[in-house]
Structure formats: C-alpha cells, structure tokens
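Okay, structure first, notes after.
Lettering follows sequence order; numbering is per chain, from 1.
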Protein chains: 2
Amino acid sequence: MESPTPTPQAAREQPAREQPAREQAATDAGTVGARVRALREERGLSLSTLARLAGVGKATLSGLENGTRNPTLETLYAVTAQLGVPLTAALSGPAATPTVRGAAVSATLLEVFTEAGATYELYRMRVAPGVGQLSPAHQPGVTEHVTVFAGQLRAGPVDAPLTAGPGGHLRWTSDVPHGYAAIGDEEVWASLLLRYPRR
Amino acid sequence: MESPTPTPQAAREQPAREQPAREQAATDAGTVGARVRALREERGLSLSTLARLAGVGKATLSGLENGTRNPTLETLYAVTAQLGVPLTAALSGPAATPTVRGAAVSATLLEVFTEAGATYELYRMRVAPGVGQLSPAHQPGVTEHVTVFAGQLRAGPVDAPLTAGPGGHLRWTSDVPHGYAAIGDEEVWASLLLRYPRR
DNA sequence: CTTCGCCGTTCCGTTTACGGAACGCTGGCG
DNA sequence: CGCCAGCGTTCCGTAAACGGAACGGCGAAG
C-alpha cells in the first residue's frame with residue numbers, strides 16, 4: 001500500500017511491470033466495441049450504413065465492435081464523429097471517471113491545462129478519516145493548491161503541515177515529502193491543483 | 001445582455017444539449033501527440049524511459065508524439081496508463097460541458113457537489129483582458145472562491161475588489177454586486193468555486 | 001418458391017503501425 | 001582529448017489493421 005499520492009506519479013512509482021502486459025489492454029478492446037455498437041443501435045443504424053457514412057470498411061467496423069481488432073485513433077474518430085459523440089464517450093462510459101486511490105486519498109482528474117510555462121492538473125480529492133497518507137517529493141518547482149469544501153484537512157510538508165476547514169485554501173511546494181490527513185472523523189472534500197513548471 | 005456572471009443556474013437551465021458540443025475535439029494526431037509529450041515532460045521522463053515503462057517501442061512513441069503515426073488504441077492506452085492519466089486526458093478535456101459566456105468571462109462547469117449543508121459548483125474560468133464584467137448580488141450566504149492559474153485577476157465586491165496572480169487565491173461573499181477583470185493584457189485562467197448554502 | 005435487397009461476417013491483398021536495432025548528437029567524466 | 005551513457009530520430013522486417021469483395025442468412029415483395 002505504498003501507492004500514496006493522488007498524483008499521477010503514484011502510478012509511475014510502481015517500480016515496474018516488466019511484463020509487457022498486453023492481455024489487459026483488452027480493457028478497452030471489448031468494452032469500446034460494445035459501446036460503439038450500443039451507440040449505433042440507439043440510432044437505428046446498420047453496421048453497413050455506419051461504415052459507409054464514416055468512410056471505413058465494413059470489416060473494420062465489424063472487427064471493432066466485436067473486439068477482434070485493435071482500432072487506430074483515426075478509425076475510432078471517424079466512427080464516433082459520425083455517431084455525433086466525442087471520442088471520449090466511446091472510451092469512458094457514462095460515469096466512468098478515472099480515479100487514483102491511495103490509503104486515505106481518492107482523487108479524480110477533472111482537467112489538464114497546458115500553458116506556455118507550466119502544466120496544471122485539477123483534481124477533486126476526498127480524504128477518508130482515520131488514516132493519513134504520505135506522498136514522496138515531486139519534481140522541483142511543483143506546487144500544490146488545495147481548496148477545502150468540507151471537513152478539516154491537514155496537509156503539506158511532513159515537517160510543517162497546514163490545516164484548513166471548509167472554504168480554506170492551502171498551498172505548498174511539493175518537492176519535499178508531504179502528506180494528507182483528515183482531522184476528526186469527517187471525510188474531507190477538496191479540490192487539488194498541481195502545477196508543474198516547464199523545465 | 002444580462003447574464004453577466006458565470007452563474008451556474010444559467011448553465012443548468014440548458015435543458016437538453018442534443019448536440020454534444022464538439023468544439024474541443026482534440027482528435028487529430030498532432031494535438032494528441034503534443035499532449036502526450038507535455039504530460040511526459042512535466043513528469044521529467046525521457047522518451048526512452050517512458051517507452052520502456054509503457055512497453056512500447058521508442059519509434060512508436062516518437063512517431064506518436066510527433067504526429068507522424070496514427071496510434072492504435074492499445075498503444076495509446078499503454079502510454080497514458082503509464083503516465084497515470086486516463087485516456088481521455090490525452091484526447092481532450094473532459095466531455096463537453098456547458099459553458100457560460102459573458103462579456104469578459106467564460107466559465108465551464110466541471111463538477112457539482114451536493115452536501116448536507118450546501119451545494120458547490122466548480123468552474124474553470126477564463127477572463128479576457130481589456131474589458132471587465134459585473135455580476136449582480138447572489139442570494140445571501142453565497143461565497144465565491146477563486147484560484148488563479150495564469151494572469152492577474154481583480155475580482156470581488158465592486159467597492160472592495162481583491163487581486164491575485166498565478167497561484168493566488170481569492171474569497172468573498174457574493175451577496176453584493178461584484179465583478180471580474182483581468183489586469184494587464186494577459187488572459188486570466190482560474191478555477192471558480194461557488195458555495196450555495198442550503199436554505 | 002424464387003428473387004431481391006440488405007444484414008453482419010469472413011476472406012484476401014494492400015497498407016501501415018509495430019518493436020528492435022541501428023544512427024547522430026550532446027553532456028559528463030577521467 | 002577520447003570515452004561512455006543517455007537522448008530522440010530514422011531505418012527496416014514483421015505483424016496486423018485496413019478497405020473491397022466475397023459469403024451465408026433472413027425477411028419482404030413478386
């Protein structure tokens with residue numbers, strides 16, 4: 001349980017799976033196909049018709065829907081565009097928001113902003129009461145900004161933590177080890193903004 | 001026009017968006033590649049390292065980032081998974097969400113949180129330079145919380161405005177007339193959190 | 001019953017995305 | 001200096017995704 005942080009790095013810190021794990025790439029192959037098929041049938045379109053409208057081969061669309069092919073981005077876009085939905089609609093279900101979880105912290109990525117000088121990632125974060133969670137240092141210059149909605153949060157560098165209640169705002173540079181913990185027995189709701197300066 | 005504020009109600013009143021606003025289709029190969037590259041670089045990873053971690057060839061990742069290849073879903077998934085972001089983060093922002101526009105302010109509703117005592121609405125807000133924008137008073141007890149990502153923002157009650165730069169945070173009670181304006185000629189990017197107490 | 005049109009799947013040759021192995025470049029070090 | 005380690009790009013043979021053209025199945029019309 002040492003995947004500690006709500007940040008994406010948490011995933012990376014898992015040392016490695018050398019195994020090129022391709023079996024689980026099927027995560028999407030079948031699921032995406034089923035979703036595309038559902039979207040098509042909702043509209044009363046036949047496979048042949050959609051293939052023609054989208055400008056792809058029937059074999060391609062058939063294989064895509066059945067999960068027997070591994071579509072390219074171009075193919076997927078041609079199909080979803082013709083269905084009138086954004087590509088993301090085919091990739092993630094109605095409410096399948098991707099979440100990073102740790103011992104105490106559960107964070108959902110809402111937005112990624114890319115600016116000239118920095119990249120921002122905006123998360124909605126929940127911190128469960130009872131246990132704390134530590135995160136190792138990030139790259140130099142990275143800062144974290146937390147706005148608390150509910151509960152009492154203690155967060156920041158391990159040697160100088162900060163606290164905030166509803167409406168409160170915290171900020172620290174996260175190039176040192178830092179942690180998150182809920183004070184009391186109420187779950188903390190907050191937004192977490194990470195700023196990665198361009199290097 | 002008289003809907004000056006990014007007030008949430010306006011957004012919610014959109015009854016039905018038949019058309020899932022398409023504008024943000026970041027679906028061409030070049031844009032996706034640039035996003036992946038940004039995500040990689042903000043983590044301080046080299047192309048070679050990421051390719052090895054993700055179990056894809058360097059040639060594949062190079063071509064993907066440069067937009068000279070048309071990646072497979074499997075490839076894209078392997079890379080984004082290793083970056084710790086959902087596939088949708090590389091393809092675009094979150095699915096089309098209602099946007100409220102005014103003279104200077106453009107706000108996109110990201111999330112709505114319903115608590116026992118209050119409702120929160122989280123927006124991504126942009127304030128164009130050159131012109132300001134006023135908003136009439138909200139109901140009593142409503143508070144606004146702004147975190148600035150980029151630019152210099154002046155906002156708050158018209159008779160006592162506050163200012164903040166990148167990383168800065170503003171808070172005021174919005175049951176009085178208040179306004180937003182960018183200082184200088186740089187567009188302001190910020191997150192806006194509105195808190196509506198239960199009545 | 002036969003014919004027709006359209007359905008979704010399968011076959012097949014072509015195109016191309018794939019990974020591994022080069023390549024040239026740069027920066028650190030003895 | 002040369003050497004080396006790591007960077008990102010390019011080359012190349014292979015695997016597979018591609019579109020077009022078959023195929024069998026099924027309901028409606030003749």
Side-chain angles (χ1 to χ4, degrees), chain A residues 12 15-83 87 90-91 114 119 139-140 196 198-199, chain B residues 27-83 87 90-91:
Chain A
R12 170 164 47 97
R17 1 212 313 278
E18 336 279 78
Q19 303 298 39
R22 75 185 53 255
E23 76 287 345
Q24 51 127 353
T27 301
D28 293 27
T31 308
V32 170
R35 230 166 244 140
V36 168
R37 174 158 288 174
L39 288 167
R40 172 173 66 80
E41 291 177 346
E42 280 173 17
R43 289 159 176 70
L45 286 173
S46 73
L47 187 149
S48 308
T49 305
L50 178 57
R52 179 172 42 79
L53 290 174
V56 307
K58 290 164 62 173
T60 301
L61 184 53
S62 174
L64 160 60
E65 289 192 355
N66 290 326
T68 61
R69 281 199 193 179
N70 171 24
T72 64
L73 196 57
E74 185 179 17
T75 298
L76 205 51
Y77 178 68
V79 172
T80 56
Q82 197 52 234
L83 288 170
L87 227 170
L91 294 174
T114 303
T119 301
Q139 298 284 319
Y196 298 88
R198 178 90 50 223
R199 302 155 48 76
Chain B
T27 28
D28 64 283
T31 308
V32 173
R35 283 218 179 91
V36 169
R37 174 158 288 176
L39 287 167
R40 171 173 67 79
E41 289 179 345
E42 85 193 19
R43 287 160 175 71
L45 286 173
S46 72
L47 186 150
S48 308
T49 304
L50 177 58
R52 180 172 41 81
L53 290 174
V56 307
K58 290 164 60 173
T60 301
L61 184 54
S62 174
L64 160 60
E65 289 192 355
N66 290 325
T68 62
R69 278 199 194 178
N70 170 25
T72 275
L73 195 56
E74 184 180 16
T75 298
L76 207 50
Y77 179 74
V79 172
T80 57
Q82 197 54 232
L83 288 170
L87 245 173
L91 295 173

Quiz item: How many angstroms lie between CG in Leu83(B) and CZ in Arg40(B), if you round to the nearest 0.5 Å?
Solution: 9.0 Å

Self-check item: For Leu61(A) against Ala51(A), the heavy-atom pair lying closest together
Solution: CD2-N, 3.7 Å

Quiz prompt | Approximate separation, where rounding is to 0.5 Å, of Arg52(A) CZ and Leu45(A) CG | solution = 9.5 Å

Close N/O contacts between protein and nucleotides 16-18 of chain C (under 3.5 Å):
unit_1: dC18(C); atom_1: OP1; unit_2: Thr72(B); atom_2: N; d: 3.2
unit_1: dC18(C); atom_1: OP1; unit_2: Thr75(B); atom_2: OG1; d: 2.4

Practice problem: Grab the CG-P distance between Leu61(B) and dC7(D) for me, whole Å please. | Solution: 12 Å

Show the distances under 3.5 angstrom between N or O atoms of the protein and N or O atoms of nucleotides 5-9 of chain C.
unit_1: dC7(C); atom_1: OP1; unit_2: Ser46(A); atom_2: OG; d: 2.8
unit_1: dG8(C); atom_1: OP1; unit_2: Arg40(A); atom_2: NH1; d: 3.3
unit_1: dG8(C); atom_1: OP1; unit_2: Leu47(A); atom_2: N; d: 3.3
unit_1: dG8(C); atom_1: OP2; unit_2: Leu47(A); atom_2: N; d: 2.5
unit_1: dG8(C); atom_1: OP2; unit_2: Ser48(A); atom_2: N; d: 3.2
unit_1: dG8(C); atom_1: O6; unit_2: Lys58(A); atom_2: NZ; d: 3.4
unit_1: dT9(C); atom_1: OP1; unit_2: Asn66(A); atom_2: ND2; d: 3.2
unit_1: dT9(C); atom_1: OP2; unit_2: Ser62(A); atom_2: OG; d: 2.9

Exercise. Output yes when a side-chain donor or acceptor of Thr80(A) lies under 3.5 Å from a complementary backbone atom of Leu76(A), and no otherwise.
Key: yes

Quiz item: Got a donor-acceptor contact below 3.5 angstrom from the Asn70(A) side chain to the Glu74(B) backbone?
Solution: yes

Quiz item: Can Thr72(A) and Thr75(A) be counted as having a side-chain donor-acceptor contact under 3.5 angstrom?
Solution: yes

Quiz item: What are the two closest heavy atoms between Ser62(A) and Leu47(A), and how far apart are they?
Solution: CA-CD1, 3.9 Å

Practice problem: For residues Asn66(B) and Arg37(B), determine if any side-chain heavy atom of one lies less than 4.5 Å from a side-chain heavy atom of the other. | Solution: yes

